[in-house]
There are 2 protein chains.
Amino acid sequence: MTDEPVVPRSRRERPAKPPLTREAIIGTALAILAEEGLGKVTMRRIASALDTGHASLYVYVRDTEDLHAQILDELLGRMPPISRGGDWRARMHELLASYTRVLHQHPEIARMTRAGHPVGPHYFALVESTLELLNEGGVGDDEAAWGVDLLLSAVTANAVEHGTDDFAGKNDDALIATAGQIATAGTQYPHIARLGDSMLSGSAAERFEWGVDVLLNGILGTGRA
Amino acid sequence: MTDEPVVPRSRRERPAKPPLTREAIIGTALAILAEEGLGKVTMRRIASALDTGHASLYVYVRDTEDLHAQILDELLGRMPPISRGGDWRARMHELLASYTRVLHQHPEIARMTRAGHPVGPHYFALVESTLELLNEGGVGDDEAAWGVDLLLSAVTANAVEHGTDDFAGKNDDALIATAGQIATAGTQYPHIARLGDSMLSGSAAERFEWGVDVLLNGILGTGRA
DNA sequence: ACCTGAACACCGTTCAAGT
DNA sequence: ACCTGAACACCGTTCAAGT
């Protein structure tokens, strides 16, 4: 009812409508992603949050796939820089844990990470850091070249799979359902029945550490033909 | 113009409208998936192919996510049984290559494999087979229990990543774009610049074989704390 | 060059009413 | 119990017209 139209504000104080830029679009998309999930990150939703028409976005973004790719790379840009000094293996664990943390915070976007080969500048930086550490660890060039892909793919898959269960990693519905199936496995799936408890054991962190060591040991111990 | 209304056909010969069942729905979904891609596998599209109303599908399928999960498990059911006899490692390669082949044929559905923990009966069978082979290979129970997840996740990620480039695996657009970026990497990303060629080298099959061996060697050589 | 509104061709899901 | 049509609340993308 009471609108405040009369007093004009200095334009520095409150710009009525910020300019439409790629940065504004991605920033808004990230905010919506964090608050409402990927399902709401649509052209129309972003445009309305920016108080513009949805067709206007196509000046800065080719299509929905491009939008998602840009969001993902922006997210990777938020990774802290790799720490200097210390054991290469420890630093590799640190780097990959940091990458995992980013993906964990946005499980839905992580799912599409490997769709059309992510090629943003920030993903490139992650590849470079991984190669640097493999080199420090004495991994041969050939093995490092193929290993970086294996390592990052496995870590991505792991992050997608375990969603946001940060440390406990035990009490989500899916896991309970799985446990139920395992209990029922009985004679039809003897190995699952026998190892079921062990399959579900351990914290997310423990499993992650072990997985990275498996990859690193495997890469160190398996020459390329 | 010339319709053929008069002669009544025996109902066995040509049932005008097959009964709506879960099987019919999934079968139709698979046909659309194969011919038109996941983007066209919608409730409305399936219903119209089955000559029924789209709301009718909800009797057999909870929602779109459930539909996708059922499609995926059906696809896994098409995997040939694991061959008996022979080296466990060779048979593991065979099993995982077979799994990869299924995912390669449907790259879009593969992308969502690990979304909400696939728990269909056919995925369970795949887990069981993998555990069986790890056991044959002398992998400890604890390592096998965690390793099966690592192995299947990595293979899934690999399949998603490399889409349908069956054997050549060299001449898709994304790879060319990547190669272009690598060439430009220069001093900013020295390791990428140095190893770029090697990163893109090898056939899909060679990379797959090496990756599986890395995992197996790593699992064999890395004890759980 | 950028922005806009309108139009086109779709979606998933729910629900009251039928059989 | 299953099927249906209609309704609701959305989508992405294109394009002619404006500025």
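Quick note on labels: first sequence line is chain A, next is B, and so on, each numbered from 1.
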How many Å lie between [atom1] on [X] and [atom2] on [N], as a whole number?
X: M43(B); N: dG5(D); atom1: CE; atom2: P; result: 18 Å
X: K40(A); N: dG12(C); atom1: NZ; atom2: P; result: 15 Å
X: Y58(A); N: dG12(D); atom1: OH; atom2: C1'; result: 4 Å
X: E36(B); N: dC10(C); atom1: CD; atom2: P; result: 11 Å
X: I25(A); N: dC3(C); atom1: CD1; atom2: P; result: 8 Å
X: H54(A); N: dC11(D); atom1: NE2; atom2: C1'; result: 10 Å
X: D66(A); N: dT13(D); atom1: CG; atom2: C1'; result: 14 Å
X: L67(B); N: dC11(C); atom1: CG; atom2: C1'; result: 14 Å

Does dT19(D) pair with anything, Watson-Crick or G-U wobble, both distances under 3.5 Å, and if so, with which nucleotide?
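dT19(D) is paired with dA1(C).
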In the structure shown, which nucleotide is the Watson-Crick or G-U wobble counterpart of dC11(C), with both distances under 3.5 Å?
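None - no nucleotide pairs with dC11(C), as no candidate has both distances under 3.5 Å.
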Can a side chain N or O of S56(A) be found less than 4.0 Å away from OP1 or OP2 on dT4(C)?
yes
Between Y60(A) and dC3(C), does any side-chain N or O lie under 4.0 Å from OP1 or OP2?
yes
With the side chain of [X] defined as its heavy atoms from C-beta on, choose the nearest nucleotide among [options].
X: R44(A); options: dC3(D), dA6(D), dG12(D); value: dG12(D)
X: D63(A); options: dC3(D), dC3(C), dT13(D); value: dT13(D)
X: R45(B); options: dC2(C), dT4(D), dC11(C); value: dC11(C)
X: A55(B); options: dT4(D), dG12(C), dA7(D); value: dT4(D)

Could you verify whether a donor N or O on one side chain and an acceptor N or O on the other, from T130(A) and Y99(A), lie under 3.5 Å apart?
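Absent: no donor and acceptor within the cut-off.
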Could you check whether T42(B) gets within reach of a base, just the sugar-phosphate, or nothing at all, counting any heavy atom under 4.0 Å?
sugar-phosphate
Quote, to the nearest angstrom, the C1' distance that separates dC10(C) from dA9(D).
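Each nucleotide's C1' atom is 14 Å from the other's.
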Can you tell me if T100(A) uses its side chain to pair, donor with acceptor, with the backbone of L96(A) under 3.5 Å?
yes
Counting C-beta onward and ignoring hydrogens, is there a side-chain heavy-atom pair between I219(B) and W146(B) closer than 4.5 Å?
no
A side-chain contact here means heavy atoms from C-beta on lying under 4.5 Å apart; do Q105(B) and L75(B) qualify?
no
Answer yes or no: is there an ion pair linking E35(B) with K40(B), defined by an N-O contact shorter than 4.0 Å?
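No, no charged N to carboxylate O under 4.0 Å.
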